[in-house]
Engineer: 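Mind having a look at this structure? Questions to follow.
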Amino acid sequence: MMISHDNTLPSDANAASHVAASVGKYKVLFYGLLALTVLTVGVSYVHFGSNFWNFVVGMLIATLKAGLVSAIFMHLLGEKLTIWRFLIFTGVFVTGLFLLTLLAHKDPIPGTAHSSHSAKGNWHVAESISSPEKNSVSTGSAH
Amino acid sequence: MLNKLMGIVPNASEHGLPVEHMLEICHWVMLMLFLGWGTFFLYTIIRFRESKHPKADYYGVTGHVSSHAEFVVVLVEAALLLGLAFPLWGKRVLDIPPEQGEVMRVRAIAEQYAWNFHYAGADGKFGSQSSSLVSPSNPLGLDPSSVEGKDDVVSKNELHVVVQKPIVLEISSKDVIHALAIPHMRVAQDAIPGSKVPLWFRPIRSGKFEIVCGQLCGAGHYAMRSHLVVEKQDEFDTFAKELSDLQHPSASSK
Amino acid sequence: MSKFLPFFTDRDVPYTVAARPDTGLYSAKLGIWLFLASEVMLFGGLFSAYIFLRLGAEPGYWPKGLLNVPVGTLNTAVLIGSSVTVVFAWASLKMREFMKYRFYMAITILCGIFFLCVKLTYEWPAKFDHFGVFIKQSSAAKYEEFLGNDFLKEKNEEPRWEVTGHILRAPKGSPYGAVAEHNAEHFSHGAGHGLHLPGGEGDYVIQLDAINAKPNSEDNLRPAFWPRPLSSKTAVIRAEDVESASTFVPRHSTYFATYFLITGLHGLHVLGGLVVFLYLWLPFKGGATLYKSNPEHLANRVEIAGLFWHFVDLVWIFVFPIFYLL
Amino acid sequence: MSTIDSTVRHNQGLAGAHDDHHHHELGFWQKYVFSTDHKVIGVQYGVTGLTFLFFGFLLMLVMRWQLANPGDAVPLVGGALRGLFGPVVMTDAGALTSSGYNVFGAMHGTIMVFFGVVPLAVGGFGNFVVPLQIGAPDMAFPKLNMFSYWCFFISGVVMLGSFFVPGSAAKSGWTAYPPLAGMADFENGHLWLNGQTIWLLAMVFNITASLLGSINFIATIIQLRAPGLTWMRLPFFVWAQFVTAFLLVLAFPPLEAAGFMQLTDRVLGTCFFMPTGLVVGQSVAQSWSGGGSPILWQHLFWFLAHPEVYVLILPAIGIVAEIVANNTRKPLYGYKAMVYALFGLGFLSFIVWAHHMYMTGMGARVATFFQITTVMISVPSVVLLTSLLISLWGGSIRFNMPMLFATAFLPMFGIGGLTGIPLAFNAVDLYLHDTYYVIAHFHYVVAPGTIFALFAGVYHWYPKVTGRKMSEGLGRLHFWGSLITINGVFFPMFLQGMAGVHRRWYDGGVTYEQLIKPVIHWNMFMTVSAGLLALFQLPFILNFFTSLRFGQKVGRNPWEATTLDWDTPTPPPHGNFDKPVEVFRGPYEYSVPGATADFVPQTHRA
Ligand code: HEA
Ligand code: HEA
Ligand code: CUA
Ligand SMILES: [Cu+2]
């Protein structure tokens with residue numbers, strides 16, 4: 001087998017025809033993405049019970065769009081294994097960054113409280129979040 | 001024993017004992033590992049130096065010694081984690097003693113470069129505060145009209161607690177991050193502006209101990225020292241009364 | 001000059017154009033993907049700040065429906081469009097249709113410029129002349145008429161602490177005096193000269209947004225698609241009731257801080273992409289001229305620039321909902 | 001047939017078949033200053049890094065003087081320092097002020113980590129050695145490489161420049177925790193021209209340089225390996241650089257993001273890290289809208305800074321592995337396990353960061369998670385170290401200069417690594433956090449650990465770079481002197497830490513005399529040791545420069561090594577190799593039974 005390293009040739013002989021075939025696909029995707037954008041906007045005016053669920057729905061659609069863009073426009077589908085490998089790691093690490101900071105945020109020592117605007121006059125907190133006895137903790141400037 | 005050898009300050013709190021114990025075990029493990037590895041290391045570099053052993057052996061060690069050694073390390077670490085570390089931390093943060101019973105709650109509020117200790121007084125309730133009242137003479141902005149605050153007292157740079165009585169410190173800061181660290185009590189907690197975090201311990205020895213500011217907080221960080229005074233109940237009461245007389249002269253004249 | 005520009009490739013090294021057989025990649029392709037991986041982490045850091053701050057925000061301190069949704073949607077569509085044209089540009093090169101390449105690339109560039117123009121001439125400036133005053137919670141009752149917290153409570157909605165609109169008078173010595181004066185002139189325009197503003201020297205006078213003008217209206221409960229016009233009503237807020245006040249600049253709130261930082265950084269990326277595209281479009285030695293000597297090389301360059309561009313689009317796909325819609 | 005063909009083509013730097021600019025003589029500037037040659041860039045990075053290391057050390061000497069003699073004027077140079085650094089840092093008498101101590105401390109940490117070790121270990125050794133070891137003519141993106149160095153250079157100049165702005169350089173620790181860092185240095189009324197802001201700007205440049213560099217490394221290692229050089233035939237050093245580059249690419253950006261946020265907090269008044277209701281100067285800061293979180297910074301900072309410590313150690317382990325294999329004259333023990341351990345370490349290092357934040361008030365779940373991962377990460381470290389240790393067995397160990405430093409690295413890193421373990425348990429860390437125990441822990445890994453490995457690397461590759469060996473005599477003086485004194489500096493820190501001495505104390509603990517009386521006298525001992533340590537660097541510096549002229553001349557392969565870097569002319573020409581490179585065997589074929597020489601180069605046909 002003779003490996004070509006000639007820099008002037010396309011690495012893949014039938015690339016051009018392959019590309020031509022995909023152009024139609026890109027067009028379809030364009031309309032699809034526009035439709036999804038409209039959907040995102042539309043859906044944000046629907047109330048899904050709580051803001052949280054609106055967020056979930058919005059993010060799902062955004063993820064779908066992002067997935068389409070990367071899979072097709074960025075040719076990730078059919079991209080080489082080398083690239084997939086480190087992208088997967090990247091994905092794991094951002095997720096780790098999100099989840100772990102979130103967890104740390106949500107799991108303070110019981111009895112921890114955070115400063116609030118209602119007590120901005122008071123550098124620390126008025127109401128304690130989960131302190132077993134509230135009365136010993138002063139409330140803020142509302143007094 | 002290793003701890004002593006390394007000059008650890010004497011323990012003065014209840015939970016300090018297991019902490020110390022664990023540190024001791026850690027050091028023993030480390031020492032054994034280091035000695036084991038170190039002996040092997042010294043023996044090897046002496047025995048296999050070029051002049052003594054001119055022809056190297058391509059295969060070297062062929063068995064699985066290293067896996068065994070590594071496995072032992074894993075086991076020991078797992079044991080330390082499960083047996084000691086998790087329960088200890090659990091006790092620290094999940095078993096904060098409730099208000100009922102013999103517990104004292106004190107607020108520790110840091111500022112550049114001093115600690116303010118705010119006691120709730122006889123009623124066990126903290127009075128309200130307001131920023132508009134903050135001034136050099138009233139660093140916590142205590143509200144003089146607050147009923148709950150009538151008996152509150154504040155002491156600067158000196159925390160008095162009662163021996164054997166659990167104490168819960170609610171730690172926060174006015175300006176930057178500080179940390180309240182009491183080596184003798186084996187406790188430390190960052191004082192983070194915008195948060196108030198509880199920290200508890202039970203002193204088991206009377207005496208005067210140093211409180212260190214453990215987080216860089218500016219040019220005066222190194223000198224932000226205060227004291228923990230662990231004393232008997234009656235001594236504490238005298239202290240509280242003195243402060244109260246000073247800070248609420250009208251109330252005491254009644 | 002052009003000798004220094006294409007940092008991404010160099011001729012002395014193999015696999016700048018042809019792919020290495022065992023990895024199937026030319027180096028720049030690998031390089032750009034690695035770069036994008038680091039970009040994912042960069043924006044990841046910013047988005048985690050968003051999550052952290054938003055979850056940490058107390059009820060009423062994270063605004064919803066403040067931004068102009070139609071404009072945002074338009075910009076989203078424009079970016080998506082440019083993503084398509086840039087693939088077309090690349091495909092044209094692959095098929096060796098140079099004129100088509102120039103055409104699609106031109107559209108891409110125009111789209112990018114349009115996007116930035118909308119940002120810089122409309123969206124951001126619109127923030128800078130909007131004003132918001134956070135009322136101290138202890139004083140909120142006094143301004144119930146503009147905040148409508150009783151109504152919101154009844155509806156089980158988050159409370160409102162902020163009065164927004166155009167500032168007509170700022171307290172003496174406040175940095176917003178000039179803006180206020182300018183607005184006041186505009187406000188009185190048509191209403192005859194010598195219009196008297198309510199309130200005194202030390203007060204904030206705000207020409208209200210619809211939402212504060214009619215805080216108890218069902219219509220104002222949900223963000224609207226079309227932005228609601230400013231009302232002609234004014235509010236007077238006494239300085240001592242103010243917790244913080246500023247135009248909608250980054251310092252205004254954590255919402256605007258994240259908004260400006262993320263959209264700003266995104267904008268810089270758009271700008272960077274545009275510079276590269278222009279370089280590839282104009283007859284530079286490493287740009288469009290490269291077509292004559294080595295069309296495949298140019299195609300590769302367009303491909304990696306395009307990958308970057310798609311990523312910028314992809315970031316926007318998340319930015320749009322989290323700031324405009326949710 | 002095909003392999004030979006591809007070999008030839010690979011080595012022709014064939015890419016520019018149609019190239020219009022043929023190799024004309026490059027001018028001085030392009031050859032030595034704005035060079036795109038990885039070897040020149042490697043040397044630039046290396047020398048800059050060494051200089052910064054030395055500078056970081058000098059800062060620390062002043063601090064150590066202060067710790068042992070609180071408030072006393074710095075001898076000899078006190079007046080000059082006063083003139084140079086100004087009144088914020090030095091008193092008129094020539095003693096360090098407490099702000100000055102913080103300035104020097106923050107800059108020592110920052111410079112050592114980001115401007116000393118990383119540039120030297122990654123930028124210097126990585127650049128010079130990696131392309132040679134994989135048989136590549138250069139890095140994959142030579143211009144990017146040049147850009148990376150100059151970006152780093154700018155960051156260095158900016159960082160050093162910050163000493164000379166009003167109020168002097170950053171003084172909030174290398175960790176730059178807000179709100180302290182967020183509010184610092186505004187006394188002089190300059191929004192931009194102040195220490196902390198410039199620190200942030202310099203860091204942004206530094207991060208950019210690191211990112212560009214590490215992308216280049218990864219692409220180079222994946223794309224430009226010589227024919228036959230399969231993954232499992234890579235020298236271990238290349239693996240170490242590969243994983244390090246990934247750590248940099250993926251961990252640095254969140255800090256860059258955080259840097260931008262702190263920057264806007266400072267210059268635009270945002271509140272990313274400023275909580276509600278901050279009191280500044282006895283009243284609530286009305287100018288801040290609040291709502292931010294100081295803890296957010298810590299998460300983003302440590303998300304980088306933990307992987308960063310492995311960035312400091314992995315290249316060092318790589319260097320040690322090369323030198324150990326070469327000087328024991330036998331293959332590395334457990335090469336594959338070591339490679340997997342590298343990956344394990346790399347992966348885990350992303351999910352342990354909060355072990356630096358045990359004191360921020362974390363609940364039981366988070367603490368459990370981070371304790372488990374932290375303890376887990378010590379396992380691959382043990383695998384690496386144990387493998388290196390066992391590699392010694394059965395060798396024929398030549399104790400030349402590189403090997404001496406590499407050998408000393410092992411137990412020194414052992415001490416540093418082992419003392420990381422108690423810190424991993426947060427109940428124990430309660431006692432040890434922010435004491436000199438921590439300082440001792442990490443200095444054992446970075447100073448007699450990493451720095452020693454870097455010295456080993458300098459002695460090892462110096463002949464390849466310059467064509468001459470460094471002097472053994474001066475080298476031995478350097479080695480024994482450094483080994484003894486550096487332990488004199490850092491070992492007492494464990495004792496001080498156990499006795500409650502906390503870090504970042506300007507007066508060395510005089511304020512807390514009552515608490516730390518039993519150990520305060522160590523300050524003097526450590527300071528003297530540090531001074532002697534400095535003296536013992538002089539033979540090295542002398543050696544480094546004089547050997548350029550007077551060192552013993554060497555040929556291609558003075559160490560009789562197997563890897564490709566020793567298969568080039570010395571010093572390597574532009575394009576590196578003078579013959580087609582093809583690899584037929586693993587990296588450490590020393591003392592192969594039946595072979596005539598005790599080493600078989602990788603290019604040696606079967
Ligand atoms: C190169 C740098 C480096 C390395 C490799 C490590 C390695 C480790 N570190 Fe360290 N660490 C730092 C640099 C480093 N650290 C720095 C700079 C800080 C402080 C930052 C600051 O606050 O400013 C710090 C702080 C720090 C803390 C926070 C302490 C505190 O602030 O309270 C913790 C806590 O868990 C920790 C743990 C660990 C652990 C478990 C390892 C493990 O990976 C260690 C594993 C290694 C081993 C277990 C050794 C195995 C080898 C042998 C046993 C062989 C022995 C051989 C012979 C005898 C021949 N480190
Ligand atoms: C890579 C990281 C690194 C390295 C190598 C060092 C090296 C040293 N460090 Fe440092 N240190 C830190 C990172 C590092 N440090 C950090 C992150 C902190 C925390 C900062 C903070 O609190 O924010 C710290 C803090 C710190 C403290 C605590 C200060 C305090 O908390 O108050 C002390 C105290 O003694 C100290 C001492 C030393 C000493 C004596 C050395 C010596 O080992 C230095 C020895 C140096 C060399 C041996 C290099 C010599 C170089 C040459 C000879 C080159 C020659 C040049 C040419 C040939 C061109 N360091
Ligand atoms: Cu307060 Cu350090
Ligand atoms: Cu760490």
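Numbers restart at 1 for each chain; the letters A, B, ... are given by sequence-line order, proteins then strands. What you see is a predicted model, and the numbers here were worked out from it, not measured in a lab.
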Engineer: Using heavy-atom distances under 4.5 Å, tell me whether Q112(B) contacts chain D through its side chain, its backbone, both, or neither.
Structural biologist: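 Side chain of Q112(B) only, per the 4.5 Å heavy-atom cut-off to chain D.
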Engineer: For a 4.5 angstrom cut-off between non-hydrogen side-chain atoms, does L410(D) reach W37(B)?
Structural biologist: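 L410(D) vs W37(B): side chains apart.
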Engineer: I'd like to know which of G218(B), G220(B), G38(B), G16(B) tops the heavy-atom pair count under 4.5 Å against chain D.
Structural biologist: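 Winner by heavy-atom pair count: G218(B).
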Engineer: Under 4.5 Å from any heavy atom of chain B, what part of P294(D) do you find: side chain, backbone, both or neither?
Structural biologist: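 It is the side chain, since no backbone atom gets that close.
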Engineer: Relative to chain B, which of I415(D), T328(D), T175(D) shows the most heavy atom pairs under 4.5 Å?
Structural biologist: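 Ranked by contacts with chain B, first place is I415(D).
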Engineer: Tell me, out of E589(D), R504(D), K330(D), who's got the most heavy-atom pairs with chain B below 4.5 Å.
Structural biologist: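 Most heavy-atom pairs within the cutoff with chain B belong to R504(D).
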Engineer: Which bit of A181(B) is near chain D, if near means a heavy-atom gap under 4.5 Å: side chain, backbone, both or neither?
Structural biologist: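 Only the side chain of A181(B) comes within 4.5 Å of chain D.
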Engineer: Taking the side chain as every heavy atom from C-beta outward, state whether V9(B) and Y431(D) have any pair of such atoms under 4.5 Å apart.
Structural biologist: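 Yes, at least one pair of side-chain atoms sits under 4.5 Å.
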Engineer: With a 4.5 angstrom heavy-atom cut-off, could you sort out which part of P275(D) is near chain B: side chain, backbone, both or neither?
Structural biologist: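 P275(D) touches chain B through side-chain heavy atoms alone.
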Engineer: Roughly how far, to the nearest 0.5 Å, is the CG atom of D190(B) from the CG atom of D434(D)?
Structural biologist: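 So the CG of D434(D) and the CG of D190(B) are separated by 7.5 Å.
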Engineer: Report which part of N426(D) has an atom under 4.5 Å of a heavy atom belonging to chain B: side chain, backbone, both, or neither.
Structural biologist: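 Both parts, heavy atoms under 4.5 Å.
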Engineer: Hey, which of V510(D), T97(D), I372(D) has the most heavy atom pairs under 4.5 Å with chain B?
Structural biologist: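 Looking at each of V510(D), T97(D), I372(D) in turn, I372(D) comes out on top.
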Engineer: When you measure from the side chain of T44(B) to the backbone of L392(D), do you find a donor-acceptor pair of N or O atoms at a distance under 3.5 Å?
Structural biologist: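 Answer holds: no.
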Engineer: Checking heavy atoms, do the side chain of H178(B), its backbone, both or neither come under 4.5 Å from chain D?
Structural biologist: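 Neither part.
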Engineer: Need one label for E210(B): side chain, backbone, both or neither, based on atoms under 4.5 Å from any heavy atom in chain D.
Structural biologist: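 For E210(B), the contact with chain D is made by the side chain alone.
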Engineer: Just give me the residue among G182(D), G363(D), A367(D), P411(D) that pairs up with chain B most often, heavy atom to heavy atom, under 4.5 Å.
Structural biologist: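 Of G182(D), G363(D), A367(D), P411(D), P411(D) has the most heavy-atom pairs under 4.5 Å with chain B.
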Engineer: Less than 4.5 Å to any heavy atom of chain B: does that hold for the side chain of Y177(D), its backbone, both, or neither?
Structural biologist: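 Side chain only.
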Engineer: In chain order, what residues pass the ring-ring contact (aromatic ring centres under 6.0 Å, His included) check against Y333(D), with sequence neighbours excluded?
Structural biologist: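 With neighbours one apart ignored, the set is empty.
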Engineer: Can you tell me if H221(B) uses its side chain to pair, donor with acceptor, with the backbone of W505(D) under 3.5 Å?
Structural biologist: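 Judged by distance alone, no pair lies under 3.5 Å.
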Engineer: Side chain, backbone, both or neither: which part of I421(D) has a heavy atom under 4.5 Å from chain B?
Structural biologist: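 Interface part for I421(D): side chain.
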Engineer: Which value, rounded to the nearest 0.5 Å, describes the distance between D175(B) atom CG and M183(D) atom CE?
Structural biologist: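 Output value for this atom pair is 6.0 Å.
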Engineer: Contact part of V375(D) toward chain B, heavy-atom cut-off under 4.5 Å: side chain, backbone, both or neither?
Structural biologist: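 Its backbone and side chain both get close to chain B.
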Engineer: Look at atom OH of Y58(B) and say whether more than 12 heavy atoms of other residues, nucleotides or ligands are closer to it than 6.0 Å.
Structural biologist: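 Yes, enclosed.
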Engineer: Please rank R225(B), R49(B), R186(B) by heavy-atom pairs under 4.5 Å with chain D and give me the top one.
Structural biologist: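 Most heavy-atom pairs under 4.5 Å with chain D: R225(B).
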Engineer: When the ring planes of H27(B) and Y437(D) are compared, do they come out parallel, tilted or perpendicular, using 30° and 60° as the limits?
Structural biologist: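 Perpendicular.
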Engineer: Side chain, backbone, both or neither: which part of V176(B) has a heavy atom under 4.5 Å from chain D?
Structural biologist: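 Contact with chain D: backbone and side chain both.
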Engineer: Could you state the interatomic distance from CE (M6(B)) to CD (Q496(D)), rounded to the nearest 0.5 Å?
Structural biologist: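 Output value for this atom pair is 11.5 Å.
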Engineer: Quick one: what part of Y506(D) sits under 4.5 Å from any heavy atom of chain B, side chain, backbone, both or neither?
Structural biologist: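 For Y506(D), heavy atoms of backbone and side chain both lie under 4.5 Å from chain B.
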Engineer: Tell me, for T419(D) versus chain B, whether the close heavy atoms (under 4.5 Å) come from the side chain, the backbone, both or neither.
Structural biologist: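 Both backbone and side chain of T419(D) come within 4.5 Å of chain B.
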Engineer: Is it the backbone or the side chain of L385(D) that comes under 4.5 Å from a heavy atom of chain B, or both, or neither?
Structural biologist: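 For L385(D), no heavy atom lies under 4.5 Å from chain B.
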Engineer: If I measure from the heavy atoms of chain D, does I192(B) come under 4.5 Å with its side chain, its backbone, both, or neither?
Structural biologist: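 For I192(B), side-chain heavy atoms alone lie under 4.5 Å from chain D.
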Engineer: Select, from P198(B), A78(B), A188(B), C26(B), the one with the greatest count of heavy-atom pairs under 4.5 Å involving chain D.
Structural biologist: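 Of the candidates given, the most pairs with chain D belong to A188(B).
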Engineer: Between E50(B) and S396(D), is there a donor-acceptor pair closer than 3.5 Å when you use the side chain of the first and the backbone of the second?
Structural biologist: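 The answer is no, because no donor-acceptor pair under 3.5 Å joins these two groups.
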Engineer: Name the region of L42(B), side chain, backbone, both or neither, that has any atom closer than 4.5 Å to a heavy atom of chain D.
Structural biologist: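 Neither part; nothing is under 4.5 Å.
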